[in-house]
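What follows is a single structure, written as structure tokens, with notes after it.
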Amino acid sequence: MGRVVMYGSVSVDGFIADESDQPGPLFDWLLSGDVPLDSGGQLKVSQLSYDYTRSYWDQIGATIVGRHVFDMTDGWDGTPPGGVDHAVVVTHRPQPAGWDPEAPFHFVDGVEAAVATAQKLAGDRIVEVAAGDVGGQVLAAGLVDEVRMDVVPVVFGSGKRYFGSVHAQHLLEDPDVAIQGNRVLHLRYRVRR
């Protein structure tokens, strides 16, 4: 099975969105360069960010998100974000009325079921877990292997925390990747076992 990776862009003070659920400048780094990151050429980053991010994105087999993010994005119109093959949505509610049953989205109740479903779908590829409440729950359950952060030079002061509502200490190894791109610092930590 592939690694389980918690991932997201984050402010220097640890937030993935402000109090109004808005990311503000957290994704500006995706428009800060001249190397196309996606096939449509809408996202352009520095060469260093491209080398790091593209190789990671190409390894993702399934993404786990919470129902809140799914609803905020209108389910990405039935296409998982970033070209990922499958999205697993953690929710206690049924899928939306009229949802296309052929769309590669899987609705599950609980983070353990989400990780098991995503690992089955991803095979040897990475299972990505969105930072925030669901990511924090997966970390607290001891199911995260690695934490990746795209740290953006902004201070929010308050908002939605990267690790959600984690209340216990979790040790990470020293960062084994630290790459400075335009308007972003890419960091990778293995979770200490």
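Quantities reported herein were computed from a predicted structural model and do not represent experimental measurements. Heads up: numbering here begins at 1 and tracks the sequence.
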With sequence neighbours excluded, what pairs up with [X] under the salt bridge (charged side-chain N to carboxylate O under 4.0 Å, His left out) test?
{"X": "Glu173", "result": "Arg192"}
{"X": "Asp145", "result": "Arg193"}
{"X": "Arg67", "result": "Asp71"}
{"X": "Asp58", "result": "Arg54"}

Taking the side chain as C-beta and beyond, is there a heavy-atom pair between [X] and [Y] under 4.5 Å?
{"X": "Thr117", "Y": "Phe107", "value": "no"}
{"X": "Val144", "Y": "His170", "value": "no"}
{"X": "Pro80", "Y": "Thr63", "value": "no"}
{"X": "Tyr7", "Y": "Ile60", "value": "no"}

I would like to know whether Asp176 and Arg190 meet side chain to side chain contact (heavy atoms under 4.5 Å, CB included); could you show each step before the answer?
CA-CA 8 Å; Asp176 61 343; Arg190 305 251 189 248; 3.4 Å; yes

[X] [atom1] to [Y] [atom2] distance, which is reported to the nearest 0.5 Å:
{"X": "Asp150", "Y": "Ile16", "atom1": "CG", "atom2": "CD1", "result": "12.5 Å"}
{"X": "Phe15", "Y": "Ser9", "atom1": "CZ", "atom2": "OG", "result": "15.5 Å"}
{"X": "Gln42", "Y": "Leu31", "atom1": "CD", "atom2": "CG", "result": "9.5 Å"}

Among residues at least two apart in sequence or on other chains, which ones pass ring pair (Phe, Tyr, Trp, His ring centres under 6.0 Å) with [X]?
{"X": "Tyr189", "value": "none"}
{"X": "Phe105", "value": "Phe70, Trp99"}
{"X": "His86", "value": "His106"}

Pairs flagged by salt bridge (Lys or Arg N to Asp or Glu O under 4.0 Å) wherever [range] is involved - sequence neighbours left out:
{"range": "residues 24-43", "value": "none"}
{"range": "residues 3-13", "value": "Arg3-Glu146"}
{"range": "residues 110-139", "value": "Asp85-Arg125"}

Has Arg183 got more than 12 heavy atoms of other residues, nucleotides or ligands less than 6.0 Å from its CZ?
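Open.
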
Taking a hydrophobic cluster as the set of Ile, Leu, Val, Met, Phe, Trp and Tyr residues connected by side-chain heavy atoms closer than 4.5 Å, whether directly or through intermediates, do Val88 and Val138 fall within one such cluster?
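As far as the 4.5 Å side-chain criterion goes, Val138 and Val88 are connected within one cluster.
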
Give the cluster check for Met6 versus Val65: same hydrophobic cluster or not, with ILVMFWY residues linked at side-chain heavy-atom distances below 4.5 Å.
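In one cluster with Met6: Val65, no.
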
Report the C-alpha separation of Val127 and Val115 in whole Å, then their side-chain angles, then the decisive distance to 0.1 Å, and conclude whether the side chain to side chain contact (heavy atoms under 4.5 Å, CB included) test is met.
CA-CA 8 Å; Val127 170; Val115 171; 5.5 Å; no

Do side-chain atoms of Thr91 reach the backbone of Arg93 as a donor and acceptor pair under 3.5 angstrom?
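Yes, the answer is positive, given that a donor and an acceptor are paired below the 3.5 Å cut-off.
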
Check side-chain hydrogen bond (donor to acceptor under 3.5 Å, both in side chains) between Asp51 and all other residues, then give those that pass, not counting sequence neighbours.
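Once residues adjacent in sequence are excluded, the partners of Asp51 under the side-chain hydrogen bond (donor to acceptor under 3.5 Å, both in side chains) criterion are Gln47.
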
Closest approach of Leu48 and Gln180, non-hydrogen atoms and distance?
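So the minimum-distance heavy-atom pair works out to CD1-O, 3.4 Å.
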
For Asn182 and Val45: C-alpha separation, side-chain torsions, deciding distance, then whether side chain to side chain contact (heavy atoms under 4.5 Å, CB included) applies.
CA-CA 7 Å; Asn182 294 347; Val45 297; over 6 Å; no

What verdict does the side chain to side chain contact (heavy atoms under 4.5 Å, CB included) test give for Val129 and Val5, after you've listed the backbone C-alpha separation in whole Å, the side-chain angles of each residue and the deciding distance to 0.1 Å?
CA-CA 6 Å; Val129 181; Val5 178; over 6 Å; no

Residue pairs, two or more places apart or on separate chains, that pass ring pair (Phe, Tyr, Trp, His ring centres under 6.0 Å) and touch residues 21-54:
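Residue pairs passing ring pair (Phe, Tyr, Trp, His ring centres under 6.0 Å), neighbours aside: Trp29-His186, Tyr52-His186.
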
